[in-house]
*Asks:* 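After the structure tokens below, expect a handful of questions from me.
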Amino acid sequence: MPDPSDTVLDCLRAHRSIRRFSTEPVPEEDLRRAVVAGQQAATSSNIQAYCAIRIREQGRLERLVELTGGQRKVAECGAFLVICGDTRRHRLVAGRAGRPHVSNLEAFMLAVIDASLFAQNLVVALESMGYGTCYIGGLRNDLPAVHEVLDTPEGIWPVFGLCIGRPAQSPESRPRLDTDAVLLEESYPTDESMLAFIDEYDDRMAAWYRRQGMDVPGWSARIEGHFEEPHRTRNAGWYRACGADFE
Ligand SMILES: Cc1cc2nc3c(=O)[nH]c(=O)nc-3n(C[C@H](O)[C@H](O)[C@H](O)COP(=O)(O)O)c2cc1C
């Protein structure tokens, strides 16, 4: 009999984002089972500052395809969720008791961390059930327009979307940095030694890109491009408008 811990590790190691799905809807009971597992993720002081909004209506999904930069998978998957930081419940509890509810950077971070831990547990649960998933950070391209679709009250902050469904592709896993570049002893290594790990990773990623038929020189080239310009610069203002604060 396989060691159950190996089964979990094998499932985690087999992760790869899925970008083409069968469109058969994810049955409610499967989604609920996975969400129950997701909810058991650790949560800062048990505040449970997250929610997942399932969008089913085709017109709304099509609008979200546009808003995520044309990502068809948002409408063409078995279930699409918007994962949100949720401070609404805390506001309701405080308001009912006539007590202030104060939001600052720490409160924002708690909600984003909680939502991410929940989502990742949910993803692992779904993958263990044979589903594929893809996070959709493109949801943050235009948060005011996403808000028009969701119409959520103050204190709800969309963090990312999540496509779920039966995989209609079987992509090769994307390699990661050498574990010695991630699991460190006592402090941080010298820049030279970290750059050596990155050089080695660039070679493996370049080979991976070649196998996908893409001409990309490696990880560094992608990272250089990614952080050359700031992205989604209006989002701090939008999250503030929805009740967040970054003080
Ligand atoms: C928060 C977050 C947002 C992401 N947003 C998108 C997205 O908008 N579209 C997409 O195709 N993939 C998206 N991804 C998937 C990443 O590109 C992917 O996880 C990464 O390249 C590693 O590949 P792997 O998941 O196949 O191992 C996102 C992942 C995360 C964690």
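Indexing begins at 1, ligand by ligand and atom by atom, following the structure's order.
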*Asks:* Which residue and atom name correspond to the protein heavy atom nearest atom 26 (O) of ligand 1, and how close is it?
*Replies:*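 So the nearest neighbour among protein heavy atoms is S17 N, 2.8 Å.
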*Asks:* Looking only at distance, does G138 have an N or O less than 3.5 Å from an N or O of ligand 1?
*Replies:*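 Min N/O separation from ligand 1 is below 3.5 Å for G138.
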*Asks:* For atom 1 (C) of ligand 1, grab the closest protein heavy atom and report residue, atom and distance to one decimal in Å.
*Replies:*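 Here the closest protein heavy atom is F160 CD2, 3.9 Å.
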*Asks:* Suppose we measure from atom 5 (N) of ligand 1 to each protein heavy atom; which comes out shortest, and what is that distance?
*Replies:*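 So the nearest neighbour among protein heavy atoms is G137 N, 2.7 Å.
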*Asks:* Counting each atom of ligand 1 from 1 as listed, which ones have a heavy atom of R16 under 4.0 Å away?
*Replies:*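 So the atoms of ligand 1 that pass are 26 (O).
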*Asks:* For the residue pair S103 and D245, confirm or rule out a side-chain donor-acceptor distance under 3.5 Å.
*Replies:*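 No, no side-chain donor-acceptor contact under 3.5 Å.
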*Asks:* Give the atoms of ligand 1, by number and element, whose distance to some non-hydrogen atom of Q71 is under 4.0 Å.
*Replies:*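 Atoms satisfying the 4.0 Å criterion: 7 (C), 8 (O), 9 (N), 10 (C), 11 (O).
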*Asks:* Ignoring hydrogens, what is the shortest heavy-atom contact between A75 and Q58? Give both atom names and the distance.
*Replies:*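 The pair with the smallest heavy-atom distance is CB-NE2, 3.9 Å.
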*Asks:* Does R140 reach ligand 1 with a nitrogen or oxygen that is under 3.5 Å from one of the ligand's nitrogen or oxygen atoms?
*Replies:*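 Not met; the criterion fails.
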*Asks:* Does C134 approach ligand 1 within less than 4.0 angstrom via side chain, backbone, both or neither, non-hydrogen atoms only?
*Replies:*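 Answer for C134: side chain.
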*Asks:* What atoms of ligand 1 come within less than 4.0 Å of a heavy atom belonging to R176?
*Replies:*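 Reading through ligand 1 atom by atom, the close ones are 22 (C), 23 (O), 24 (P), 27 (O).
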*Asks:* Among protein heavy atoms, which lies nearest atom 2 (C) of ligand 1, and at what distance?
*Replies:*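 Scanning the protein heavy atoms, the shortest distance from atom 2 (C) of ligand 1 goes to Y135 CB, 3.6 Å.
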*Asks:* When you group the ILVMFWY residues by side-chain heavy-atom contacts below 4.5 Å and let the links chain together, are I55 and V35 in the same group?
*Replies:*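 Different hydrophobic clusters.
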*Asks:* Quick one, R72 with E66, criterion salt bridge (Lys or Arg N to Asp or Glu O under 4.0 Å). Give me CA distance, side-chain angles, the key distance, then yes/no.
*Replies:* CA-CA 8 Å; R72 290 288 331 150; E66 280 172 46; over 6 Å; no
*Asks:* Could you report the tightest heavy-atom contact between F160 and A115, atom names first, then the distance?
*Replies:*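 Heavy atoms only, the tightest pair is CZ-O, 4.4 Å.
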*Asks:* Could you check whether any side-chain N or O of S45 sits under 3.5 Å from a backbone N or O of I47, counting only pairs where one atom can act as donor and the other as acceptor?
*Replies:*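 Side chain of S45 to backbone of I47, a donor-acceptor pair under 3.5 Å: no, none is there.
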*Asks:* Give every residue pair that meets the side-chain hydrogen bond (donor to acceptor under 3.5 Å, both in side chains) criterion with at least one member in residues 198-209, sequence neighbours excluded.
*Replies:*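 Matches after skipping sequence neighbours: E200-R204, D202-S220, Y209-R222.
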*Asks:* Given R174, H15, R19, Q120, which has its nearest heavy atom closest to atom 23 (O) of ligand 1?
*Replies:*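 Nearest option to atom 23 (O) of ligand 1, by heavy atoms: R174.
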*Asks:* Please list all pairs passing the side-chain hydrogen bond (donor to acceptor under 3.5 Å, both in side chains) test where one or both residues lie in residues 226-242, with sequence neighbours left out.
*Replies:*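 Matches after skipping sequence neighbours: N141-R232.
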